Structures are given as structure tokens and as C-alpha cells.
Amino acid sequence: MLFGQEHVKRYQETDGEVGHVWENGTTTLILTTTGRKSGEQRSTPLIYRTHGDDLLVVASHGGADVSPLWYRNIEADPEVHVQVKGDRFTARARTATPQEKPEMWRKMAEVWPAYDEYQTKTDREIPVVVLERV
């Protein structure tokens, strides 16, 4: 099973032929953010679902009490780069509103039920992030 930067490398090299379908048949994309301190590009493989024309990802960090670095990066700079298989594009990342989140959360938990468990591990409200193609 691919993980971390090896997942990113193989996904990018193969246009997602390796790495798009991941554990238990979930699908992943590569999200590239700009480091809020370093200014460097940081790429992360994330489970995703489509939602109309947008893509959804979850900033779970496995239920940790702090948000993942990629989420902190998009709070500082919401312009991101996304790769889904061979499709690479710029997107604007935003946190789902309280009105949007319940439906989006259910959709994400359908493909990765552990998200519900992660939420029980932390008092932090785990965000659903909407990626809107620019």
C-alpha cells in the first residue's frame, strides 16, 4: 500500500494509474498547497469524492487535536493545485459551511467510515474542504 511521499511520487509519475485507487477501493487525489511558512509547494494524497463540479476532501489528520499542515496552508493561501489521475488543475479551497457540511460529511464517511471515528477522538471540528476548479 502506498503512503505519504511515495504515494505522491508514484501517482504523479503514472498519472494516477498507480495510487488513484487506494485502500479498500477508495480513490485519492494529490493536493498541492503552498507552505504558509516556507513558501514551498507541498503535495499530499487525500481521499476524495465529487460533489457536483467540486471535489471534497476531509482535514481529519486521523482525529488529531490539530489540523493537518495542508489545511493550515490553505487557510493562509486557498489557491491550490489538484491532480485527479492525469487531470491537473488549479482550484480554490474553502471550508464547507455549517449548512453544507452534514451532507458532505455523510458522503465522505460513506467511502471512509473511519472519519466518524476520527471525529470522536478530538474536540476539534474536523472540516470538510471543497475544492472549486478555477
Side-chain angles (χ1 to χ4, degrees):
M1 177 179 68
L2 292 172
F3 188 75
Q5 290 309 298
E6 180 64 20
H7 190 157
V8 171
K9 180 178 184 277
R10 297 291 305 280
Y11 194 114
Q12 290 174 332
E13 289 173 346
T14 66
D15 281 342
E17 287 297 318
V18 176
H20 181 256
V21 177
W22 192 60
E23 192 173 326
N24 298 324
T26 60
T27 53
T28 64
L29 56 73
I30 303 298
L31 178 70
T32 302
T33 62
T34 302
R36 70 193 184 293
K37 292 181 182 178
S38 69
E40 295 179 15
Q41 297 296 291
R42 307 283 186 192
S43 296
T44 307
L46 296 170
I47 294 168
Y48 79 97
R49 297 268 328 247
T50 58
H51 186 74
D53 292 334
D54 302 327
L55 301 173
L56 305 176
V57 295
V58 176
S60 67
H61 205 200
D65 288 331
V66 296
S67 298
L69 292 174
W70 66 262
Y71 184 75
R72 288 182 262 165
N73 288 343
I74 66 166
E75 288 180 309
D77 181 358
E79 184 174 301
V80 298
H81 299 283
V82 178
Q83 180 179 350
V84 177
K85 294 184 176 179
D87 186 17
R88 294 171 169 88
F89 57 92
T90 301
R92 183 160 186 82
R94 66 173 181 83
T95 302
T97 67
Q99 295 76 26
E100 295 172 312
K101 185 181 175 187
E103 174 193 353
M104 293 175 173
W105 182 271
R106 278 190 300 275
K107 191 169 192 172
M108 293 304 294
E110 285 173 5
V111 295
W112 196 254
Y115 287 138
D116 288 328
E117 177 190 336
Y118 298 163
Q119 186 59 78
T120 67
K121 292 180 176 182
T122 183
D123 292 331
R124 173 176 71 89
E125 179 79 17
I126 296 176
V128 174
V129 176
V130 181
L131 303 173
E132 301 170 331
R133 189 183 290 253
V134 175

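All values reported here derive from a predicted model rather than from experimental measurement. In what follows, residues are counted from 1 in the order of the sequence shown.
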[Y] reachable from [X] in the ILVMFWY side-chain graph, under 4.5 Å edges:
| X | Y | result |
| --- | --- | --- |
| Val128 | Leu29 | no |
| Val130 | Ile74 | no |
| Val84 | Trp70 | yes |

Nearest 0.5 angstrom please: [X] [atom1] to [Y] [atom2], how far?
| X | Y | atom1 | atom2 | result |
| --- | --- | --- | --- | --- |
| Arg94 | Asp54 | CZ | CG | 6.5 Å |
| Trp22 | Tyr48 | CH2 | OH | 14.0 Å |
| Arg72 | Asp77 | CZ | CG | 16.0 Å |
| Glu75 | Thr33 | CD | OG1 | 11.5 Å |
| Arg42 | His81 | CZ | NE2 | 14.5 Å |
| Glu23 | Leu2 | CD | CG | 11.0 Å |

Quick one, [X] and [Y] - any side-chain contact, counting heavy atoms below 4.5 Å?
| X | Y | answer |
| --- | --- | --- |
| Ser43 | Gln12 | yes |
| Asp53 | Arg133 | no |
| His61 | Tyr118 | no |
| Arg36 | Leu69 | yes |
| Val129 | Leu31 | no |
| Asp123 | Asp65 | no |
| Asn24 | Trp112 | yes |
| His51 | Glu100 | no |

For [X], does the [atom1] atom sit with more than 12 other heavy atoms under 6.0 Å from it, leaving out its own atoms?
| X | atom1 | answer |
| --- | --- | --- |
| Lys85 | NZ | no |
| Arg10 | CZ | no |
| Glu17 | CD | no |

Would you say the side-chain atoms of [X] pair up with the backbone N or O of [Y], donor to acceptor, closer than 3.5 Å?
| X | Y | answer |
| --- | --- | --- |
| Ser67 | Tyr71 | no |
| His7 | Gly19 | yes |
| Gln119 | Arg124 | yes |

Looking just at side-chain N and O atoms, do Thr34 and Glu40 make a donor-acceptor pair shorter than 3.5 Å?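 The answer is no; no qualifying pair exists.
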
Looking only at side chains, do Asp116 and Trp105 share a donor and an acceptor under 3.5 Å apart?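 Indeed, the side chains of Asp116 and Trp105 share at least one donor-acceptor pair under 3.5 Å.
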
On a heavy-atom basis, which atom in [X] and which in [Y] lie closest, and how many Å separate them?
| X | Y | result |
| --- | --- | --- |
| Gly63 | Ile126 | CA-CD1, 4.4 Å |
| Ile30 | Val8 | CD1-CA, 3.9 Å |
| Ser60 | Tyr115 | OG-CE2, 3.7 Å |
| Leu55 | Phe89 | CD1-CZ, 3.7 Å |
| Leu131 | Ala93 | CD2-CB, 3.7 Å |
| Arg49 | Lys107 | NH1-O, 2.8 Å |

Steps toward side-chain contact (heavy atoms from CB on, under 4.5 Å) verdict (Met104, Val58): CA-CA 10 Å; Met104 293 175 173; Val58 176; over 6 Å; no

